[in-house]
Amino acid sequence: MPKERATTRKTAKKDGGKKKKDPNAPKRGLSAYMFFANEQREKVREDNPGIKFGDVGKLLGEKWKSLNEKQKTPYEAKAAADKKRYEEEKAAYTAGGDAEEEEEEE
DNA sequence: ACGTTGATTGTTCGT
DNA sequence: ACGAACAATCAACGT
């Protein structure tokens, strides 16, 4: 079973991240929801003037799933495109090794 | 080979 | 600035 998610990951930790697994930290790409929210956020709020995050968030989630695969397609497509972006970092991250320039000193 | 985990992404709103 | 519900992700790692 899935573990409970309290949604409290560490966002934007301190710069002095000391315990990171990825040396280059190839942040993954966005998620379909991210794109979906990017477009719906306006619409949702527009339909619910005065609505707050708590409601918008739930509203968004409901609609998100309400979409047909076809409707999510554009979002998924972006997600995939974004993932591709990440793929790049990951590639460099994996390729990295010794012949890679890296200026990260503190 | 398979499964788990962890890390991450963006929105809104308020404090 | 960040935290929290909302959802996806999915790549790397471990066994």
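A, B, ... follow the sequence lines: proteins, then strands. Residue 1 opens every chain. Everything numeric in this text was worked out from a predicted model, so none of it was measured.
- Considering only residues two or more places apart in sequence or on other chains, A:E87 meets the salt bridge (Lys or Arg N to Asp or Glu O under 4.0 Å) condition with A:K83.
- Here A:R41 lies in heavy-atom contact (under 4.0 Å) with sugar-phosphate atoms only.
- Distance A:F35 CZ to B:dT11 P: 11 Å, rounded to the nearest Å.
- Pairing analysis of DNA chain B (Watson-Crick: purine N1 to pyrimidine N3 plus N6-O4 or O6-N4; G-U wobble: N1-O2 and O6-N3; both under 3.5 Å) yields stems of 3 or more pairs at B:1-15 with C:1-15.
- Considering only side-chain atoms of A:R28, the nucleotide from C:dC10, B:dT9, B:dT11 that sits closest is C:dC10.
- Nearest-nucleotide assignment on DNA chain C puts the 5′-proximal partner with A:F53, out of A:F53 and A:L30.
- Ring centers of A:Y75 and A:F36: under 6.0 Å apart, within the cut-off.
- With respect to A:E88 and A:R85, a salt bridge is recorded, a charged nitrogen being found less than 4.0 Å from a carboxylate O.
- A:K52 places its NZ atom 21 Å from the P atom of B:dT11, with the value rounded to the nearest Å.
- Listed by residue number, the members of residues 54-64 of chain A with any heavy atom below 4.0 angstrom from DNA chain C are A:G57, A:K58, A:G61, A:W64.
- Counting only heavy atoms from C-beta on, A:K83 has its side chain closest to C:dA11 among C:dA11, B:dT12, B:dT9.
- If you measure from atom CG of A:D82 to atom P of B:dT8, you get 15 Å, rounded to the nearest angstrom.
- Following rounding to the nearest Å, A:I51 (CD1) and C:dA5 (C1') show an atom-to-atom distance of 13 Å.
- When each of C:dC6, B:dG6, B:dT12 is scored by its nearest atom to the side-chain atoms of A:Y33, the top-ranked nucleotide is C:dC6.
- Note: CD (A:Q40) to P (B:dT11) measures 14 Å, nearest angstrom.
- With contacts defined as side-chain heavy-atom distances shorter than 4.5 Å, the pair A:L30/A:K78 does not qualify.
- Nucleic acid contact class of A:Y86 (heavy atoms, under 4.0 Å, all strands): sugar-phosphate only.
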